[in-house]
Each structure stands twice: as structure tokens, then as C-alpha cells.
Amino acid sequence: MPGLSQCLEKELKVDYRDRADFVEKFDPAKDNVLARLGGDEFVFACHCPSEAACLEKMRDLQAAFAKEKIALDGQRLSQLRFSCGVIHYLNNLPNVDQLYQRADQLMYEVKKQGGGNVLLARS
């Protein structure tokens, strides 16, 4: 989904693609991270001071993506949506695998509910 990845890059202000100096210049205290896991699954980390700020950020991302116009097989798609499982991380999980697994569980719960929404939990 090139449309979603481009939208996320822009909205999250991720600017490290094709930068050889990424590792040296990346600052985890302020820079957001975006990665494609495969297919239509992405994972990203962004800085939000509260759960409310996390939800607002995700809703803003969804609204921005819904405005995208994407061509597929000669047809224009519009009002696109995506599902999010979000963890407001409080530095209390021992490893990133547990953090990812919890966010993934939330995302599948959203899909079961019909998709296009955000579920948020604390880590």
C-alpha cells in the first residue's frame, strides 16, 4: 500500500529513507520511526505525552489517509481507512516483542469489530 506508507511518512514526519547517516543522526528522544512489516502491516513509534494525545494522533492519521486518492487497476479509491492497535508505552515492558504482540492483539480486535478504528491500551 504505497498510499498508506507515504501518508504515514508525511504525517509522522519520518525522514530517514535513503539516508546513509540515519544511525548516527537518529534521536529516539524526538524522532518517530516507521517500518513496514509486510503486506499491509506497518509498525511505528511516535512521541505522545498522554493516552489522549495518542488517540488524537491516530485519529489525525486516519483522517489524513481518508483524504488520500489512490489509483488501483485504473480505478480511483477514496475514503480509505486502516485499523490501529496502539500502546501508550510507559517504559514497563521488558522487551519490544511484548510491546509489539500487545499492539498486534489490539489491531486484530479492531478488525473483528469491523475495522477502521483505534484501540489503545497502556503497556
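Between L61 and F44, some side-chain heavy-atom pair lies under the 4.5 Å cut-off. Proximity of F65 to L8: side-chain heavy atoms (C-beta onward) are nowhere separated by under 4.5 Å. Using a 4.5 Å heavy-atom threshold, the side chains of V110 and L106 count as separate. In this structure, the side chains of V86 and L55 stay at 4.5 Å or more apart for every pair of heavy atoms.
Looking at residues two or more places apart in sequence or on another chain, you find a side-chain contact (heavy atoms from CB on, under 4.5 Å) between Y100 and L37, E41, V43, D104. Residues passing the side-chain contact (heavy atoms from CB on, under 4.5 Å) test with A66, sequence neighbours excluded: none. For E68, there are no side chain to side chain donor-acceptor pair (under 3.5 Å) partners at least two apart in sequence or on another chain. When the side-chain contact (heavy atoms from CB on, under 4.5 Å) test is applied to A64, the partners found at least two apart in sequence or on another chain are C7, E11. Applying the side chain to side chain donor-acceptor pair (under 3.5 Å) criterion to Q105, with sequence neighbours excluded, gives R102.
When all heavy atoms are compared, the tightest approach of S83 to M107 is O-CG, 4.0 Å. Residue C84 comes nearest to M58 through the heavy atom pair SG-SD, 4.3 Å, listed as atom of the first residue, atom of the second, then distance. Between C54 and H88, the closest heavy-atom pair is SG-CD2, 3.4 Å. Nearest approach of C46 to L12, heavy atoms of both residues: CB-CD2, 3.9 Å.
The backbone N or O of N32 lies less than 3.5 Å from no partner atom in the side chain of H47, so there is not a single donor-acceptor pair.
Listed by first then second residue, pairs satisfying salt bridge (charged side-chain N to carboxylate O under 4.0 Å, His left out) with a partner in residues 42-62 read E51-R122, not counting sequence neighbours.
Linking ILVMFWY side-chain heavy atoms closer than 4.5 Å, directly or via other members, places F82 and L77 in a single hydrophobic cluster.
In this structure, L80 CG and I70 CD1 are separated by 5.0 Å, a value rounded to the nearest 0.5 Å. Here Q113 contributes atom CD and L119 contributes atom CG; the two are 5.0 Å apart, rounded to the nearest 0.5 Å.
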